[in-house]
Amino acid sequence: MEELKIYNTLTRKKEVFTPIQPKFVGIYVCGPTVYGHAHLGHAKSYISFDIIVRYFRYLGYKVRYVQNITDVGHLVTDADEGEDKIVKQARLEQLEPMEIAERYTRSYFEDMDMLNVLRPDISPRASGHIPEQIELAQRLLEKGYAYEVNGNVYFDVQKFKEYGKLSGRKPDELAAAVRIQPNPEKKHPADFAVWKRAEPGHIMQWNSPWGRGYPGWHAECSVMSTKYLGQPFDIHGGGIENMFPHHECEIAQSEAAFDKPFVKYWMHNNMVTVNGQKMGKSLGNFITIKNAVKKYSPLAIRFFVLSSHYRSPLDFSDQALEAAEKGLARFHQTFVRLLKAKPAQDGKDENFEKEIDSYRRKFIEVMNDDFNTPNALAQLFEFLKEINIWLDHGKDVAKETHKKAIKIIDETAGEVLGLLPEEYSEIEAKSSGDVDLIIQILIDVRAALRKEKNFALADEIRNRLSELNIELKDTPQGTIWEYR
RNA sequence: GGCGACGUACCCAAGUGGUUAAGGGAGAGGUCUGCAAAAUCUCGAUUCGCCGGUUCGAAUCCGGCCGUCGCCUCCA
């Protein structure tokens with residue numbers, strides 16, 4: 001079996017994945033700051049990592065997936081001044097900051113559930129890990145990697161010689177390119193806050209050895225990842241826009257504090273764009289998931305995300321979403337057709353067993369290549385075509401092979417890609433209860449009419465059912481029906 | 001200005017040294033059907049932004065140019 005290869009941002013190469021502990025994967029992904037509804041950018045990010053986690057599990061790994069909730073407000077403009085984002089939203093909605101955090105945390109999970117994104121195993125809140133963040137700052141001070149000025153604790157980037165190894169940024173280059181007024185408290189413009197003094201009126205604040213304050217933006221991820229996964233841990237993921245400064249600073253803090261590597265594989269997913277421009281909260285051009293699902297089905301959004309590689313940007317357009325919607329519908333239709341097919345014989349169909357094995361092999365091969373989901377979808381669609389041809393033949397459909405075909409799709413497109421609903425009935429014609437019996441009567445009557453060549457009445461039955469979104473399809477094996 | 005990514009058919013998008021350049025959507029034509037729908041078959045880039053170079057051989061490697069985007073400031 002081919003080995004799983006992951007593109008590691010740290011080395012800028014695809015590397016064979018070898019876990020730190022056998023058969024166990026620890027993965028941490030930067031979660032949302034909860035001060036607004038999640039948008040399609042979040043959807044791409046968390047669907048991508050969902051697939052990665054699901055695929056590891058499919059390969060038999062035990063996965064611990066940690067994704068933080070940032071409920072400590074960080075600043076609206078830059079790292080040193082301005083208003084706290086959560087506090088600002090709290091003022092706008094006239095709620096307590098913690099109500100804002102709670103409201104949008106719930107909203108986030110609702111959206112992710114809709115998109116069939118499995119919940120992380122641990123969703124730690126930044127506000128619940130303040131003591132650990134204070135400890136990190138203290139440790140860095142003790143080791144001389146940080147210094148305190150007026151209640152602020154800054155990390156001294158010049159002391160950490162590997163600063164820049166992830167992003168390729170060097171402190172001196174950064175100093176030359178500063179676009180904002182250098183903070184006079186800092187020794188070097190690239191120094192960043194591990195702990196910040198609370199200004200008067202700052203609502204979210206805690207006691208610390210340096211007075212009232214709150215943690216720096218990067219502290220929570222350093223602390224919460226290693227608390228639950230140890231140091232080093234296997235995979236740290238996040239958006240490419242957080243590579244610098246956020247992830248660079250996490251590395252600096254954690255490695256300086258504990259003198260050992262922080263993370264083995266860094267994974268960065270690319271962004272969603274709208275008309276070629278980044279979709280982001282700051283640009284205000286974002287489409288929330290709640291709005292998107294008014295127009296497109298959640299699984300179609302998922303399909304759309306999977307249709308490009310996680311490291312490529314994904315441009316949102318109605319045309320692309322409609323294409324995804326149709327592609328997904330075609331997959332579901334074929335799957336329903338397979339589910340409903342009546343095997344014509346017992347045992348196996350050796351020829352089709354080979355098709356199934358070939359599909360499984362290719363699926364694993366392309367997923368092993370840095371989670372190539374667009375290629376995985378291509379393999380799926382080629383397999384669907386083979387299924388249709390097989391079902392068209394009818395006579396070859398053997399019981400065991402039929403079961404195996406359903407199982408392989410359930411595993412690959414269902415468990416790994418997450419493109420099947422929990423209950424097949426959501427995409428299946430509901431073939432239980434009275435509805436099915438009543439429609440069967442209509443189908444039988446229509447068959448009789450067609451036999452008498454009374455096509456006008458036969459068509460009326462089909463048209464009137466069609467108005468109820470019930471579609472009749474005359475196949476060589478008889479008439480079948482499904483909800484559109 | 002510095003760093004990085006990308007440019008493949010009408011749209012989306014794989015492929016990154018070697019048989020006919022995946023797949024989805026849209027389109028054209030055929031088969032099937034009473035007609036549809038679904039399914040299936042065929043067609044569609046002699047060519048991968050442009051120009052040079054390396055190589056027996058490049059969309060794929062190297063150099064230059066053009067274009068788009070991202071990061072350098074909160075951001076998934």
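FYI, side chains are in, hydrogens and waters are out, and symmetry mates aren't considered; it's all heavy atoms of this structure. First the proteins, then the strands, lettered A, B, ... as listed; each starts at 1.
- Counting non-hydrogen atoms under 4.0 angstrom, Gln379(A) reaches nothing in the nucleic acid.
- Closest contact between the side chain of Glu471(A) and the listed nucleotides rA37(B), rG25(B), rA39(B) involves rA37(B).
- Among the heavy atoms of the strands, none lies under 4.0 Å from Glu322(A).
- In this structure, Thr479(A) does not reach the rA37(B) phosphate: none of its side-chain N or O atoms is under 4.0 Å from OP1 or OP2.
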Canonical and wobble pairing (Watson-Crick, G-U, under 3.5 Å) of RNA chain B, dot-bracket with |: ((((((((.[[[..)..(....]]].(((((.......))))).....[[[[[..)....]]]]])))))))....
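- Comparing the same atom, P, in rA22(B) and in rG15(B) gives a spacing of 14 Å after rounding to whole Å.
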Intermediate values then yes/no, side chain to side chain donor-acceptor pair (under 3.5 Å), Tyr55(A) and Asn368(A): CA-CA 9 Å; Tyr55(A) 188 61; Asn368(A) 275 347; 2.9 Å; yes
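- OP1 and OP2 of rG4(B) both lie 4.0 Å or more from every side-chain N or O belonging to Arg12(A).
- Rounded to whole angstrom, the span from the NZ atom of Lys14(A) across to the P atom of rU16(B) amounts to 7 Å.
- The residue among Ile389(A) and Ser45(A) whose nearest nucleotide of RNA chain B lies closer to the 5′ end is Ile389(A).
- Gln319(A) has its CD atom 17 Å from the P atom of rG24(B), to the nearest Å.
- Between the P atoms of rU46(B) and rC51(B), the separation comes to 14 Å (whole Å).
- Nucleic acid contact class of His309(A) (heavy atoms, under 4.0 Å, all strands): sugar-phosphate only.
- Taking the ring centroids of Tyr28(A) and Tyr65(A), they lie at or beyond the 6.0 Å cut-off.
- The distance between atom CZ of Phe381(A) and atom P of rA39(B), rounded to the nearest whole Å, is 10 Å.
- An OP1 or OP2 oxygen of rA22(B) is reached within less than 4.0 angstrom by no side-chain nitrogen or oxygen of Asn375(A).
- Not counting sequence neighbours, His309(A) has no partner by the ring-ring contact (aromatic ring centres under 6.0 Å, His included) test.
- Counting only heavy atoms from C-beta on, Phe244(A) has its side chain closest to rC71(B) among rC71(B), rA14(B), rA76(B).
- Between the CG atom of Leu115(A) and the C1' atom of rA76(B) there is a distance of 13 Å, rounded to whole Å.
- Across all strands shown, Thr334(A) has no heavy atoms under 4.0 Å from either base or sugar-phosphate atoms.
- Contact annotation for Lys385(A): backbone-only contact, meaning every heavy-atom pair under 4.0 Å involves sugar-phosphate atoms and none involves a base.
- The separation of rG7(B) from rA14(B), taken at their P atoms, amounts to 9 Å, rounded to a whole angstrom.
- For RNA chain B, the neighbouring residues in residues 449-464 of chain A, judged by any heavy atom under 4.0 Å, are Arg450(A), Phe455(A), Asp459(A), Arg462(A).
- Looking at heavy-atom distances under 4.0 Å, Asp474(A) makes contact with a base.
- Counting heavy atoms from C-beta outward, Ile406(A) and Leu338(A) have side chains that approach closer than 4.5 Å.
- Under 4.0 angstrom from either OP1 or OP2 of rG15(B) there lies at least one side-chain N or O belonging to Asn372(A).
- Less than 6.0 angstrom separates the ring centroid of Tyr228(A) from the ring centroid of His129(A).
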Side chain to side chain donor-acceptor pair (under 3.5 Å) assessment of Tyr310(A) paired with Asp370(A): CA-CA 9 Å; Tyr310(A) 76 89; Asp370(A) 196 27; 2.7 Å; yes
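- The only member of Phe381(A), Phe383(A), Phe352(A) that meets ring-ring contact (aromatic ring centres under 6.0 Å, His included) when paired with Tyr359(A) is Phe383(A).
- When heavy atoms are screened at a 4.0 angstrom cut-off, Val272(A) is found touching base atoms of the nucleic acid.
- The gap from the C1' atom of rA59(B) to that of rU55(B) amounts to 16 Å, rounded to the nearest Å.
- No more than 12 heavy atoms of other residues, nucleotides or ligands lie within 6.0 Å of NZ in Lys385(A), so this atom counts as exposed by the packing criterion.
- Between Glu355(A) and Asn351(A), the side chains place no donor N or O within less than 3.5 Å of an acceptor N or O (distance only, hydrogens not considered).
- The interatomic distance linking Arg311(A) (CZ) with rG15(B) (P) rounds to 8 Å, in whole Å.
- Protein atom CG of Leu472(A) is 16 Å distant from nucleotide atom P of rG34(B), rounded to whole Å.
- Across all strands, Gly41(A) comes closer than 4.0 Å to base atoms (heavy-atom distances).
- With rG25(B), rA14(B), rA39(B) as the choices, the nucleotide that has an atom nearest any side-chain atom of Ala323(A) turns out to be rG25(B).
- For the pair Asn285(A) CG and rA76(B) P, the interatomic distance rounds to 13 Å; values are reported in whole Å.
- Between the side chain of Asn242(A) and the base of rC71(B), no donor-acceptor pair of N or O atoms lies under 3.5 Å.
- Contacts of Met243(A) with the nucleic acid, taken as non-hydrogen atoms under 4.0 Å apart, are absent.
- Side-chain contact between Ile86(A) and Tyr104(A) is absent, with no heavy-atom pair separated by less than 4.5 Å.
- Rounded to whole angstrom, the span from the CD1 atom of Ile240(A) across to the P atom of rA76(B) amounts to 15 Å.
- Counted by atom type alone, Glu220(A) and Asn68(A) present one or more donor-acceptor pairs between their side chains at under 3.5 Å.
- Counting only heavy atoms from C-beta outward, the side chains of His37(A) and Ile289(A) never approach each other to under 4.5 Å.
- Comparing rC6(B) with rC41(B), their P atoms are spaced 35 Å from each other, to the whole Å.
- Checked against rG70(B), rA76(B), rU40(B), the side chain of Gln277(A) finds its nearest nucleotide in rG70(B).
- Checking rU40(B), rA22(B), rA38(B) against every side-chain atom of Asp392(A), the shortest atom distance belongs to rU40(B).
- Taking the C1' atom of each, rG23(B) and rC50(B) are spaced 28 Å apart, rounded to whole Å.
- Both Arg330(A) and Asp369(A) lie near RNA chain B, and the one whose nearest nucleotide falls closer to the 5' end is Asp369(A).
- Using a 4.5 Å heavy-atom cutoff, the side chains of Arg462(A) and Thr479(A) are not in contact.
- Close to rG4(B), at under 4.0 Å from its OP1 or OP2, lies no side-chain N or O of Arg169(A).
- Across the C1' atoms, rG57(B) and rA21(B) are found 16 Å apart, a figure rounded to whole Å.
- The separation of rC48(B) from rA39(B), taken at their P atoms, amounts to 34 Å, rounded to a whole angstrom.
- In summary, the side chains of Ser45(A) and Asn269(A) do present a donor paired with an acceptor at a separation below 3.5 Å, with no hydrogens or angles considered.
- Applying the 4.0 Å criterion to OP1 and OP2 of rU33(B), one finds that Lys473(A) has every side-chain N and O outside that range.
- Across all strands shown, Phe49(A) has no heavy atoms under 4.0 Å from either base or sugar-phosphate atoms.
- For Arg446(A), taking side-chain heavy atoms from C-beta onward, the closest of the listed nucleotides rG34(B), rC71(B), rG23(B) is rG34(B).
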